[in-house]
Engineer: 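Quick one: the structure is below, questions incoming.
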Amino acid sequence: MDIRRATRPEAVEAAGHLFDAAPLPAATARFLADEGHHLLIAYVDETPAGMITGVETTHPDKGTEMFLYEFGVDERFRGQGIAGALVAALERLARERGCYGMWVATGEDNKAAQATYGGAGGIPEWDQMVYVWTFNQE
């Protein structure tokens, strides 16, 4: 397995099956153009097998932390340690970039993600809640 940072839209398009939906060209270009946005792709024999995205967020009184936005592993490659390797790679990148920490939110019923995050050293904060605002995108 080889983990590489995606810097070109073609790499994202080739790994499109790893996302919840097909990557949007304009959103892909905007994501890749931002120095604080990170997309790592795991390859097995040059086949995109998994991906993880991270976004640096900075606050005036806290500094910069990494938000683990999303990860996905192709069903054919699950159970081979790819998810844990991707989380570890994003953590290394966050440390290299001077982030003071990394965080992620996941569903209470997503036991696979919880196992991945816990296995990679993440500590759950059970007293947290997530609030969302969804805007109509017509």
Engineer: Which is it for Met66 and Val55 under the side-chain contact (heavy atoms from CB on, under 4.5 Å) test, yes or no, and what are the steps along the way?
Structural biologist: CA-CA 6 Å; Met66 184 70 72; Val55 176; 5.7 Å; no

Engineer: Please enumerate all residues that pass salt bridge (Lys or Arg N to Asp or Glu O under 4.0 Å) together with Asp127, with sequence neighbours excluded.
Structural biologist: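 In terms of salt bridge (Lys or Arg N to Asp or Glu O under 4.0 Å), with neighbours along the sequence ignored, Asp127 is linked to no residue.
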
Engineer: Any heavy-atom pair between the side chains of His38 and Leu93 that's under 4.5 Å?
Structural biologist: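 Yes, close enough: below the 4.5 Å cut-off.
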
Engineer: Excluding sequence neighbours, so at least two apart, what forms salt bridge (Lys or Arg N to Asp or Glu O under 4.0 Å) with Glu10?
Structural biologist: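 Per chain and number, Glu10 pairs via salt bridge (Lys or Arg N to Asp or Glu O under 4.0 Å) with Arg8.
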
Engineer: Is atom OH of Tyr69 surrounded by more than 12 heavy atoms (other residues, nucleotides or ligands) closer than 6.0 Å?
Structural biologist: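 At most 12 heavy atoms, drawn from other residues, nucleotides or ligands, come within 6.0 Å of this atom.
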
Engineer: Starting from Val44, can I reach Val73 by hopping between I/L/V/M/F/W/Y residues whose side chains sit under 4.5 Å apart?
Structural biologist: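 Yes.
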
Engineer: Would you list the pairs meeting salt bridge (charged side-chain N to carboxylate O under 4.0 Å, His left out) in which at least one residue belongs to residues 48-72, sequence neighbours left out?
Structural biologist: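 Matches after skipping sequence neighbours: Glu56-Arg97.
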
Engineer: Only counting residues at least two apart or in another chain, list the ones meeting side-chain contact (heavy atoms from CB on, under 4.5 Å) with Ala42.
Structural biologist: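 Testing Ala42 for side-chain contact (heavy atoms from CB on, under 4.5 Å), a comparison that skips the adjacent residues, returns Met1, Ile3, Ile82, Leu86.
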
Engineer: Going only through I, L, V, M, F, W and Y residues with side-chain contacts under 4.5 Å, is there a path from Met102 to Leu39?
Structural biologist: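 As far as the 4.5 Å side-chain criterion goes, Leu39 and Met102 are not connected within one cluster.
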
Engineer: Residues two or more places apart in sequence or in another chain: which of them pass side chain to side chain donor-acceptor pair (under 3.5 Å) with Thr58?
Structural biologist: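 Side chain to side chain donor-acceptor pair (under 3.5 Å) check on Thr58 returns Thr64.
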
Engineer: Are the side chains of Arg76 and Thr47 in contact, using a 4.5 Å heavy-atom criterion?
Structural biologist: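 Result yes, sub-4.5 Å side-chain heavy-atom pair found.
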
Engineer: When clusters are formed by joining ILVMFWY residues with side-chain heavy atoms under 4.5 Å apart, either directly or through shared neighbours, do Val130 and Trp126 land in the same one?
Structural biologist: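 No, Val130 does not connect to Trp126 through the hydrophobic network.
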
Engineer: Just checking Glu35: does its CD atom have more than 12 heavy atoms from other residues, nucleotides or ligands closer to it than 6.0 angstrom?
Structural biologist: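 Result for CD/Glu35: open.
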
Engineer: So which pairs with a foot in residues 91-116 pass ring-ring contact (aromatic ring centres under 6.0 Å, His included), sequence neighbours left out?
Structural biologist: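 Sorted pair list: Phe67-Trp103.
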
Engineer: Please identify each residue that fulfils side-chain contact (heavy atoms from CB on, under 4.5 Å) with Ala120, with sequence neighbours left out.
Structural biologist: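 Here the qualifying residues are Val87.
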
Engineer: Could you go through residues 13-30 and list every donor-acceptor pair under 3.5 Å that involves a side-chain atom there, pairing it with any protein atom two or more places apart or in another chain?
Structural biologist:
| unit_1 | atom_1 | unit_2 | atom_2 | d |
| --- | --- | --- | --- | --- |
| His17 | NE2 | Pro48 | O | 3.2 |
| His17 | NE2 | Asp74 | OD2 | 3.3 |
| Thr28 | OG1 | Leu24 | O | 2.9 |

Engineer: Tell me every residue that passes salt bridge (Lys or Arg N to Asp or Glu O under 4.0 Å) with Glu125, counting only those two or more places apart in sequence or in another chain.
Structural biologist: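 So Glu125 forms no salt bridge (Lys or Arg N to Asp or Glu O under 4.0 Å) with any residue.
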
Engineer: Please identify each residue that fulfils side chain to side chain donor-acceptor pair (under 3.5 Å) with Arg95, with sequence neighbours left out.
Structural biologist: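 Glu91.
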
Engineer: Any chance the rings of Phe71 and Tyr117 have centres within less than 6.0 Å?
Structural biologist: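 Between Tyr117 and Phe71, which both carry aromatic rings, the centre distance is below 6.0 Å.
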
Engineer: Do Leu32 and His37 have side chains that get closer than 4.5 Å, going by heavy atoms?
Structural biologist: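 No; the side chains remain at least 4.5 Å from each other.
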
Engineer: Is any side-chain heavy atom of Phe31 closer than 4.5 Å to one of Thr53?
Structural biologist: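 Sidechains of Phe31 and Thr53: in contact.
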
Engineer: Scan residues 41-54 for pairs that pass salt bridge (charged side-chain N to carboxylate O under 4.0 Å, His left out), counting only residues two or more places apart or in two chains.
Structural biologist: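 Salt bridge (charged side-chain N to carboxylate O under 4.0 Å, His left out) check on residues 41-54 returns Arg4-Glu46.
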
Engineer: Do you know which two heavy atoms are closest between Ile41 and Ala11, and how far apart they sit?
Structural biologist: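 Minimum heavy-atom contact is CD1-O, 3.7 Å.
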
Engineer: What is the minimum heavy-atom distance between Val12 and Ala6, and which atoms define it?
Structural biologist: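 Answer, listing the atom of Val12 first, then Ala6: CG2-CB, 4.3 Å.
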
Engineer: Not counting sequence neighbours, which residues clear salt bridge (Lys or Arg N to Asp or Glu O under 4.0 Å) with Glu75? List them please.
Structural biologist: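 With sequence neighbours excluded, Glu75 shows a salt bridge (Lys or Arg N to Asp or Glu O under 4.0 Å) to no residue whatsoever.
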
Engineer: For Gly84 and Thr116, work out which heavy atoms get closest and say how close.
Structural biologist: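 The pair with the smallest heavy-atom distance is N-CG2, 4.0 Å.
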
